[in-house]
Structure formats: C-alpha cells, structure tokens
Amino acid sequence: MTPHLLDKGYEPREVEKRWYAYWEEEKLFAGKEKSDRKSFSIVIPPPNVTGVLHMGHALNNVLQDILCRYRRTRGDNVLWMPGTDHAGIATQNVVEKHLASEGKDRHQLGREQFIETVWQWREKYGGAIINQLKRLGASCDWDRERFTMDEGLSRAVRKVFVDLYDQGLIYQGNYIINWCVRCHTALADLEVEHEELDGHLYYILYPFPDGHGGITVATTRPETMLGDTAVAIHPDDERYGDLTAHTVILPLMQKEIPIIQDAYVDASFGTGGLKVTPAHDPNDFEIGRRHDLPVVKVIGDDGFMTAEAGRFTGLERFECRKAVVEALSASGLLQKIENHPHGVGHCYRCGTVVEPNLSKQWFVKAKPLADKAADAVRKGRTKIVPETWENTYFDWLDNIRDWCISRQIWWGHQIPAWTCGECEQITVATATPTVCPECGSRHLVQETDVLDTWFSSALWPFSTMGWPDDTELLKTFYPTSVLITAFDILFFWVARMMMMGIHFMGEAPFEDVYIHAIVRDEEGKKMSKSKGNVIDPLLVMDRYGTDAFRFTLAAFAAQGRDVKMSERRVEGYRHFINKLWNAARFSLMNLGETAPAVPDAPAEGFSLPDRWILSRLRRVMQTEQEALDAYRFNDAASALYQFIWHEFCDWYLEAVKPTLYGEKGEAEKAAALYVLWRTLKDALILLHPFIPFVTEEIWHKLPGTEGSIMTARFPADDPTQPTLRQDPDAEAHMALVMDVITGVRNIRGEMNIAPSVALAATIQSPDDKTRQLLTAHREIIVNLARLSQFEITLPGEHPASAAAAVIEGATIFVSLEGIIDFGKEIERLEKEIGKLQKELKGISKKLSNEDFLDKAPEAVIQKAKDRHESLAEKSQKLQTNLDRIRSLAS
RNA sequence: GGGCGGAUAGCUCAGUUGGGAGAGCAUCGGCCUUACAAGCCGAGGGUCACAGGUUCAAGCCCUGUUCCGCCUACCA
C-alpha cells in the first residue's frame, strides 16, 4: 500500500453516511430480548412527529448515544428505544394550517377524514426528525421504533384510562380550566405559559340600588364583569362594617347582584371589594360554589362574547374589553386606571392568551399517584442527577393539582367513554361497547374528546415495550437504566411517567434520571438579535461534521449550566477530529498492514515513552469510566481531548519518531510499533461513544481489528489484550524529561531562536539518579529540544554566555555563544525570579504562622515546606545566574 | 409571592470532601521540524461580582447586598 492510507484531511460527509448504513445493516443497534449480559436501557424522549431537529434534541440524543455506545463497549445488552409522539395539538395545528393553505378546514372534511389526512401527513413528513437523529449518529434500535398513536400504544392508553377510571382516579367534572380560544381546546395547567405583561387595573364603581354610593372593585379583565354574579368583601373589613345594602347594581348590565362576605377576599388589595365571576376565574368559581351563586358564561369558547353579554354580545373578547372600558368611562363609573404588571397565561402551542373558562372536562386525580412518585425518589429508588432537581420535583408533586386530560381536538386517543342516548349512563371500557349495560340501549355515543398527548407519553417506558402484555422485553429492560432529558419536561413528562410507571408496573420506570442543560437560544426566545446564536444543528453537521458537533456538545454538557452553542467552538473541535485523523494517518504509515505482535518481555522492552503513554492510556480509561458513570460527560470529553492531543500527539508520537524510523534498532522499533498500535486502537474505543464515525473509519483501516468498533470491548475489560497498569515510575521519569525539554524550549522561545538552530546545552544536577535518568533518555531530549550538544554533569562552573532554566533538582544551561542578548536574558530571569518570589512570600507567611503549624494537618505543612524549599532553591539558582549575566553584560 | 441557578482570563466556560487559580478559543512572539498551517514551539493575561463572617487556611462553607437568567404561584 501507499503510505497514504488515509487522505490528508478528514472528510466527514461520505464517511458518516457509509458507516451509519453499515451499522443499521449489521443490526448493531439491536437490543436482545433475552441475554445473559447485563441490561442497559434508555427510552428516548419521543420528539414530536412534526418536529425538526434543534439544538435541544441534538444535545439530548448525543448524550443518550454516548451512554449507549459506551455501555455496549462495557459488554452490556443495550436497548435504546426510539419513537415519536403524536403531539396532538401541535400536529393538528400543522395539518390544519396546511389545509387552510388549500382553502379547506377540518370541519369540511369531518373527523374521520381529517384523521386520515393527519396519518397521511405523518407518512409523508413525520419521518424527518428520525432521519435527523440518524444523521446525529443515534444508535437507537430502530426496528422497535414506536409511535404514541400506533396500535399497541393505543391499547395501553385505553387500558390505563379504564383502570384509572375504575379505581376512581379519573373523573369527569365541570370546572374552570384553561381554554385556548384559538386551538379550541382545554389545556392542562402546565400547558399554560405565564408571561409578565404591563396590564391595567381598572377601578369600577358598582352602585348601591338606592343610588347613593356603592362598592368599588378592581379588575384586570373588565370584560368579565358582564358575567359577575356577586361582589365580595372580607367579613372583617371595617370599611364595610356599617353596610346596609345587600346588593349592588352591576353596571352596563343593570342587574342587581348580591354583596357577599368571603374570607378569600384580601382586604388590603385595592378597595377591598372583589367582583365575582364564577364562570371565568377559578377563585371566583370556588366562591360561587360556597355562596351558591349563579354562573354566567359571557366569553364563549370561540373567544367572542356570548348571548349572556348583553349589548356586547358577539364582540371579540379584547374588543369587548375596550368597549366595556369606554362604556364605563362614559357612565362615570370608571374611577381610575392604574398600570398593573401581571402574569398572563398563554397557550404553549400557539401563544394565544388563555381564557379561564368553565367547562366539562376529564381529570386525573393526581395526588395519590404523585405521592408514590415523590416517594420513589425520596427513598432513593430513583435517583435524580444532579440532585438539586429533586427539590423542584418534590415541590411540584407535593403541590400537584388534578390533571385535566381531555382535549377538544380530533388528533389523539379518543376517550373510551360512551354515553347512553337513552339513560345517559356513561360506560368506560377498553372494548367498544355495543349496548348500554344499564338499560340495554344500542344508542351509545362515544366521547368526542381526545386525551392529552402527555397522557400517552406518560406510559412510554412500558407501553413501548409491549405492555399490557407481559413481554420478554419488559422483563429484560424494565425498569430502564436512566432517563436523559432536559428539565423543561420534568413535570410534563418525567413526573407523570414516574406516576404511571409505579402505578401500573409497581416499579419506578428509571433507576436514574439525568437532567441535562438546556440550549436556550434554540427557540429564539431569549435571544438578542445582535448575538444571532440560533444555530441549526443540521447546518453545523454539514459544515463541521457530526463528530465535531457531538464532541462539542459533550464538552459543553457540564452539569447545572446552560449550554451556549457557538459555531466557533464547534470549529475548534473539528480541529480535534482532524488531529486524531492525522495521528491515525501517521500511525498507519508506520504500522503497515499487519498488527504488530506483542513484544515478548514488554516491561523490559518498552522505552520510557512507551511505558509512559500506556500508563497515561490506563489513566484516561479510568477517568472516562468514572466520568461517564457519574454522567460527567464534559470531564470524559476533556480527558480524552487532553490525552489524544497533548499526550499522544504532542509528546508520545514526537518522542518515538526516531525509534519508528529505525534509528534505535529493530527490537525497540517493534516495541514502539506495538505500543503505538495498542494506544491508538484503545483510544479509538474510548473515543467511539463521542465520535462514532471517524473512529469507525479509522478502525477499519487499522490492522488487527475485526468488524465494527461498535463490537469492540472497553480496553480495561478486554481479556484478549495484555493488561495495562499504571506505571508511576514511568510517569515520574517522563515528567523529568519533559521538564528539561520544556526548559530549553522556553529559552528558545523567549530568545526568539528559530527551531532550525540547534543549541548546545548542559544540565547540572547533584543527584546521581537524575543524571542517570537524563543520560538514559538523552536522545529524546536532544531530539525534542533540538540540541546539537548535550552534557550532563555534576554542578560546577556555570557556562559563559548561557541562559539558564531551573527545574526540580537540576539546572539547565543553554549556550547562546554569539547570539545571546544580555538585556533580554536579564529581563527573562528577572521576570521568572519575580514570579517565584511572589509565591515564596505567600508560603513563607504561611509557614511563619504558628497557628498554621499548630493546626494544619501534617501532610499539608510538609507540602508547604517542600514547596518552599524547592522554590527557594530555584529562585536562588536563577539569581546566581542573573548576577553572572549582569557581570558579563557590564 | 415562593424557589432554583449563575457572576472565575478579552470570549465561552471547567474547578466533586476548604490546603499550590485551569481549559478551549482569541491575543502576542518564533516556526512550512517529511501525520496534521484545521499544524508545531513558546509567552502574556484573573482583587474568582460586592461587603462581612467562620477557619491556621475560603473560588469552594455561613450571612447580607447588587446585577442576570430560569422555574413556580388563584391576590382580583
């Protein structure tokens, strides 16, 4: 083969496509239903079928993929369960918009046809996000892909609904719910996004019937007054102590309504008078119930005023607000308007201002389920990482309110409840009933509402595995090992899966829940235009390659902090990919086509750099293992980065080049080739979870590998390879050698001496061991420091015209005969001494503190003493040299 | 109203039981040293937001303050 086994630069695009197809073809993502191996399972947070991959998805799925791929190398039977979510409201909106562009609406189609249209739409466009996940490299078990609306999951939904209904945990009732007038459906409390807006507080006088005085109420939503059925005051409010009137006249409606007393009223707010609108405010609704008030619904489900709104009937709600204010103003009853910032609820799907509205809906009685869900975490059966999220989780569950699960849309799981046309009996059943069990009538009408999408998502960890059937898959993979998600769906999804999982499976669905950061700008919400940091992950992958993108995300994924994505950062990690590529290219040039044999007596036969890099390799393995086991993705990523670039490339490869070129003999070369091969091979396995494509590509070019890198064992677990161990001696010795080289390079750099100029250096050390070590490895030093001469001696006469550097136990002199710039060297030494002195001062102070000597642990004191001694020695030596240079200069 | 998080180098951020302030990028200087100029070698740069406290010792623990972000809440 030519030496150019790899091209000079890494071209990700073609490589990524090729290997992903290969992995799928070889079924390497498949989890085994039955296996002796340890199970590791993750269910994907199902993206919406309408979704397009954004940064949040990218981060979320890359982290999952890293864990899955890592666990495979550790030998686990891994199942990553993929799928999508039918996203009721969102999807219906998308399809309706599409229909609108053709001049149609869903009512023209009718329910059945509309649903058919949505399925067709999904068929056509719904796969987009799946392909985008594949683009990311996601190693999901695609053959098991599920959809919340598919047959099996629908069956699970029905069973859960029926069971909960039978257990009294689902009920139907008339309550104030959040109503989106645009989506024309009820929303759960969670689905309302509150936004602080600059509103107004309107003070309105409700006159007494006798025309003398009245009660002033304050409201932010004056249009609701049309539906007022009382005015409430606090029973102890002294201002109203001598009230004789029992009613007031509701302005604009000329209706007499009662004055009631209720402790709910906050006497300190406004005038202490509260208008009561039972049909349009949850608190007013409760007050209404207590006082048996009539309920008058003045705002219709379409957002227009109802027939109950008198002369305002037919006005759009905000138009009505204006009209009401004007009318009040004209009648002189509007006493004042104050600016009043307050939170206004918006529909999380379309952004429309939500209307609290009285409506008959289905609810889940959440408390009993929530208690168990909280308990599972309190008892440690499920661990939330980072732990700080546990409080948020508890807070929500402990104060949970019933969950409104019915939606007045068409796309979703239709509620399995039937009302008898004759006796009005409600039948809830998994199988569609044909006759009313009460009266035998065949006139049954199914509830038209569908269920909240999150109702079906809540079942995801077990419904995807075949529940309610007792499947092998469930036995093997439930509960799942970890759920990886962002905190924005902690309540929507995680808490509800916990509730349903415990209730129906008897066991919490996850061992761990890892909450990762959020890429906040991806929705453009908090983004400032000037920053312009909305980034399309697909574009990033196009531009820099998927591996670079993935590595960036992993490096960013520090616990407890938001991710700010920047293309420049991705660019930096593309350089890393390229670095790895080139290191592999270099290695392959030297390795040829066969895997090197393990040298006979490795411990003896290996050179210092060989022993050193193997020790470092063992260490990075350990670091990765610990980091990933604790979900510290960034720690793992940066350890690998550091290892590859700065240890393997910068030091190891440079140090062994002469050996590889045969300058040290065949035995040494053979040993080095083995170590080079082994290190690269193992490093690829370690890197693979993060950067699967480039590692697979190199793996296949590397001799002595078989099949996909996906089937390779984590090196520390691999019984077919000689065991690696840490080698502290090699690390210490190499550190000395590196110090010497860095010392010379420092002088070279500071003195602006070109690398092409070979230098003569002398190193003086009183320590036999040090001199011996340096002698043994002098060629590495000569080579990497670019020396023409290198003497190792006992301390003695300082060479003339030399710059000096001091390291632990030795002084390096670099001869600058003829090229020395005394001024520069004096400056350099002064600077260095200055730094040392500053640090010395701090330590001296500490050491002269009796309290410190008295109370600090012995080890800490000793460390300080050692450090002091070493710094003092260093400083003193440099000072000697400085004095000498000064005398030479003058 | 309640709660959480953040403030560390020019930028983006690490810093896990309190004991010598780190990385990447950017900047500056020197290099085409035959894997990589998407590179190599070297350098500069920080009162760890502010004020107190605990401690022999604080980026880290405690109290308060100021900014920023988020979550949550039925005060009209």
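By convention in this document, chain letters (A, B, ...) are assigned in the order of the sequence lines, proteins followed by strands, and residues within each chain are numbered from 1. When reading the values below, keep in mind they use all heavy atoms of this one structure, side chains included, and skip hydrogens, waters and symmetry mates.
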Could you work out, with salt bridge (Lys or Arg N to Asp or Glu O under 4.0 Å) as the rule, every residue matching A:Glu195, not counting sequence neighbours? none
Which residue lies toward the 5' end of RNA chain B, A:Ala555 or A:Ile843, if each is placed at its nearest nucleotide? A:Ala555
Is the charged tip of A:Lys579 near the ring of A:Tyr573: under 6.0 Å from the six-membered ring centre and within 45° of its axis? no
Partner set under side-chain hydrogen bond (donor to acceptor under 3.5 Å, both in side chains) for A:Asn283, not counting sequence neighbours: A:Tyr264
Checking A:Arg550 against A:Phe690: charged group under 6.0 Å from the ring centre and within 45 degrees of the axis? no
Closest approach to the side chain of A:Pro755, judged atom by atom: which nucleotide of B:rA76, B:rA73, B:rC31 is it? B:rC31
Between B:rA58 and B:rU63, how far apart are the two C1' atoms, rounded to whole Å? 15 Å
Where protein sits on nucleotides 34-40 of chain B, one letter per nucleotide: B base, S sugar-phosphate only, - none, heavy atoms under 4.0 Å: -BBSBSS
Of all the nucleotides listed (B:rC56, B:rC4, B:rC75), which has the minimum atom distance to the side chain of A:Asn849? B:rC56
Residues A:Ala188 and A:Trp403: closest non-hydrogen pair is CB-CD1, 3.9 Å
Give the rounded distance in Å between these two atoms: CZ of A:Arg290 and C1' of B:rC74. 11 Å
Let me know the distance between CD1 of A:Ile177 and C1' of B:rC74, rounded to the nearest Å. 15 Å
Strand RNA chain B as a dot-bracket string - pairs counted if Watson-Crick or G-U with both distances under 3.5 Å, | where the partner lies in another strand: (((((((..((((.....[..)))).(((((.......))))).....(((((..]....))))))))))))....
Output the single nucleotide from B:rG42, B:rA14, B:rG24 whose closest atom is nearest the side chain of A:His646. B:rG24
Determine the interplanar angle of the A:Phe576 and A:Phe551 rings, folded into 0 to 90°, and report it as parallel if under 30°, tilted if 30 to 60°, perpendicular if over 60°. tilted
If the condition is salt bridge (Lys or Arg N to Asp or Glu O under 4.0 Å), which residues does A:Lys863 pass it with, not counting sequence neighbours? none
My understanding is that only residues two or more places apart in sequence, or in another chain, count here; which of them pass side-chain hydrogen bond (donor to acceptor under 3.5 Å, both in side chains) with A:Glu387? none
As a test of reading the structure: which of B:rA76, B:rG42, B:rG30 is closest to the side chain of A:Thr742, going by heavy atoms? B:rG42
Determine, step by step, whether A:His280 and A:Asn357 satisfy the side-chain hydrogen bond (donor to acceptor under 3.5 Å, both in side chains) criterion, reporting the C-alpha distance in whole Å, the side-chain angles of both residues, the deciding distance to 0.1 Å, and the verdict. CA-CA 5 Å; A:His280 296 291; A:Asn357 237 348; 3.0 Å; yes
Scan A:Asp854 against the nucleic acid and name what it touches under 4.0 Å (heavy atoms): base, sugar-phosphate only, or nothing. nothing
